[in-house]
Amino acid sequence: MVEINTDAEEEQPLLSSQSFSTSTKVPRPYEDEPLWRRPFNYSVQHGIDPEKLSRLQRYRYYQRLAPPMTMLVPDHMIPPEFFTVVPIVRGQKQSSMVTIFSLWNTMLGTSLLCMPAAMLHAGIILGSLIVLGVGLVTCYTAVITVQITMDIQLLDTFKNSPIEFVDVIEYYMPSPAAQIALSAGSASFLGALVIFWILLSNFTYGTGIALGNMAAGIFHYHNLSNSGAVCDTYNTSLVGTSESDWGLWTSNTVPIYLVIIIFPLCCLKSATILAKFNSLGVVCIAMAVIFVVTKAFEWGINITVGDKDNISYVAPAMIDFNKLTGTLTLSFFIHNAVVALVRNNKNPKNNTRDVTVAFTMVALTYGLVGVLFILTFPLAKSCISDVASQLLFDNISLNDLMVFVAKFFQILQLITVYPTVNFVLRSQLFLGIFKDPFCSYKHVIVFNILTILICVLISIFYPRVNTVIRYVGSVAGLAYVFFFPCFVYLLHCYKNNKLTWYSAVGHGSIILLGLLNLASQPLTFSNYLK
């Protein structure tokens, strides 16, 4: 890479010779003329040919012309004296397999634990179809996000500098559009922090009760009734679940105690150390899937579709499917990071295939966990959606050894993931407001107090993970999943004379789906049919 050494002259007029100091003067006739009237090569530097200076000045002038004027002088036409060699460390390339699993690991998260409750709102058959349908739409918008960004990357304006989709939005649309996109991304990060805190509070509270049962000698994980299945683990008669037995250890105080651990980690200037522990995410996902599969084998099939009075009845389709679409929008949300994850792919031509394979794997994982848990849960199916947190772990006894181990690893992962996501959100906002990702410890402390306060209050007064997920997903997804990818794609086609009426109708329909998804979240359609 090369760079023009012209920073010192930026204050001078572009075509003025005064940007270069000299003791050499040209003939007298020009001495009395105004600066703007003097010839282009009026003065020269010692040891530099006036013709070369003239070429450099023209290069600087053309480079700074505002679009659409693109009279760019080729780099090889500039004398070597005006270039500085800057070493570039190229990013390490990765195989398609690494790219696919990076996408899979990034998308799979807390939504996996809410999938059975979310799918019940749509019915077992309709829910499965919606998982595939939303996965297909979000996969398509992710693919066009990558394709458009890679196309724009080839333009001279962005050559040799990595760009993100928000840069593409700013290229095609006014600046406020890019700010809206960044705000939507920030909203998704803040929503993720709230979800992480609710989960961390839930898992810590349950693990603490289980440890108390161990200390009391009543942690009997053998021969559990219904193989550990319960309607709501915190409403069962276990030692340690009442406030009188544990004093200050309640579901309302645990979120406050977590501040002691999380707040110092959020004040770190860099999240590099914490990011190294994010590989625990793969372990936690694998454990959740293995847990559901193991329980399914223990419970066996427990479902009926004919007798509505049977506790094992599961409707094939239900009208409240909007709750599932909201959850899935965040479950498949990766559009603000997909370009960064595929950028180092060894074969960029395989990006479309790799993204499609990753989305297919995610859809199958969500479907496997959701369908298996619903088909095999041995108690009333309404228990799955009625549990306060809407987490599948809360339908398992606290004395179950597998769920105890799974929650323990989830706690370790969340303790490292929360500060990491908080660091990303902080850096993004500080760069946009203060042009500095850290500013000072005073700014960082105030920011952490505000974000953690929001998380603690929601964890105490509204700890329904699935509801938070679908609202965050529908808001952030409208911008990053539905609107901007489709609208920018239409602008991209129009600029390249490839826009067709059926493409406009198709992509406009996707944007309409995002609007309907957001508008339907506060509604419970089944209430209007009673």
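These numbers come from the heavy atoms of this one structure, side chains and all, not from hydrogens, waters or symmetry mates.
When each of N345, T356, T149, T99 is checked for a side chain to side chain donor-acceptor pair (under 3.5 Å) with N351, only N345 meets the rule.
Here CG of N344 is found 11.5 Å from NZ of K346. Values are rounded to the nearest 0.5 Å. Note: K495 NZ to N497 CG = 11.0 Å, rounded to the nearest 0.5 Å. From I334, atom CD1 reaches atom CH2 of W104 across 12.5 Å, with rounding to the nearest 0.5 Å. The distance from the CZ atom of F447 to the CD1 atom of I452 is 9.5 Å, given to the nearest 0.5 Å. Taken from CD1 in I510 to OG1 in T141, the straight-line distance is 7.0 Å, to the nearest 0.5 Å. To the nearest 0.5 angstrom, L129 atom CG is 10.5 Å from L324 atom CG.
Within the 4.5 Å cutoff, the side chain of R464 has no heavy atoms near those of the V468 side chain. Looking at heavy atoms from C-beta onward, N302 lies out of side-chain contact with L375 at the 4.5 angstrom threshold. No side-chain heavy atom of L364 sits less than 4.5 Å from a side-chain heavy atom of L368. Between V166 and E170 the shortest side-chain heavy-atom distance does not fall below 4.5 Å. Under the 4.5 Å side-chain criterion, counting only non-hydrogen atoms from C-beta, M119 is not in contact with I130. Taking 4.5 Å as the limit, some side-chain heavy atom of M361 sits within range of a side-chain heavy atom of I100. With contacts defined as side-chain heavy-atom distances shorter than 4.5 Å, the pair S186/L425 qualifies. Put simply, the side chain of V362 reaches to within 4.5 Å of the side chain of L108, judged on heavy atoms.
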Task: Test log, rule side chain to side chain contact (heavy atoms under 4.5 Å, CB included), inputs S474 and T329 - done: CA-CA 6 Å; S474 57; T329 305; 5.5 Å; no
- [ ] I would like to know whether I195 and L199 meet side chain to side chain contact (heavy atoms under 4.5 Å, CB included); could you show each step before the answer?
- [x] CA-CA 6 Å; I195 294 167; L199 291 174; 4.0 Å; yes
TODO: Determine, step by step, whether N322 and N517 satisfy the side chain to side chain contact (heavy atoms under 4.5 Å, CB included) criterion, reporting the C-alpha distance in whole Å, the side-chain angles of both residues, the deciding distance to 0.1 Å, and the verdict.
DONE: CA-CA 7 Å; N322 58 309; N517 179 48; 5.7 Å; no
Open item on the list: F373 vs N395, test: side chain to side chain contact (heavy atoms under 4.5 Å, CB included). Steps then yes/no.
Closed with: CA-CA 10 Å; F373 197 84; N395 288 119; 4.1 Å; yes
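The backbone N or O of Q390 sits nowhere less than 3.5 Å from a side-chain atom of N466 that would complete a donor-acceptor pair. Judged purely by atom type and a 3.5 angstrom limit, D167 uses its side chain to pair as donor or acceptor with the backbone of E164. In this structure a side-chain-to-backbone donor-acceptor pair under 3.5 Å is present from R470 to Q521. Between the N448 side chain and the V444 main chain, a donor and an acceptor come within less than 3.5 Å of each other. A distance-only check finds no donor-acceptor pair linking the side chain of R343 to the backbone of P348 [under 3.5 Å]. The main-chain N or O of P255 is found under 3.5 Å from a side-chain atom of W197 such that the two form a donor-acceptor pair. The backbone N or O of L516 sits less than 3.5 Å from a side-chain atom of S520, completing a donor-acceptor pair.
In the model, N347 has no side-chain atom that pairs as donor or acceptor with a side-chain atom of S96 under 3.5 Å.
Taking every heavy atom of both residues into account, L491 and M173 meet most closely at CD1-CG, 3.8 Å. Residues L392 and L112 come closest through the heavy atom pair CD2-O, 4.0 Å. Of all non-hydrogen atoms in N496 and H492, the two that sit nearest each other are ND2-O, 2.7 Å. Looking at every heavy atom in both residues, H335 comes nearest to F332 through CE1-O, 3.7 Å. Between D320 and T524, the shortest heavy-atom contact is OD1-C, 3.5 Å. Residues S331 and M115 share a closest heavy-atom pair of OG-CE, 3.9 Å.
The aromatic rings of F487 and F483 sit parallel to each other, their planes meeting at less than 30°, with 60° as the upper class boundary. Y140 and Y489 have perpendicular rings, their planes meeting at more than 60° on a 0 to 90° scale where under 30° would count as parallel.
Atom OH of Y313 is surrounded by more than 12 heavy atoms from other residues, nucleotides or ligands within 6.0 Å. For F430, the CZ atom sits in a packed shell: over 12 heavy atoms of surrounding residues, nucleotides or ligands are nearer than 6.0 Å.
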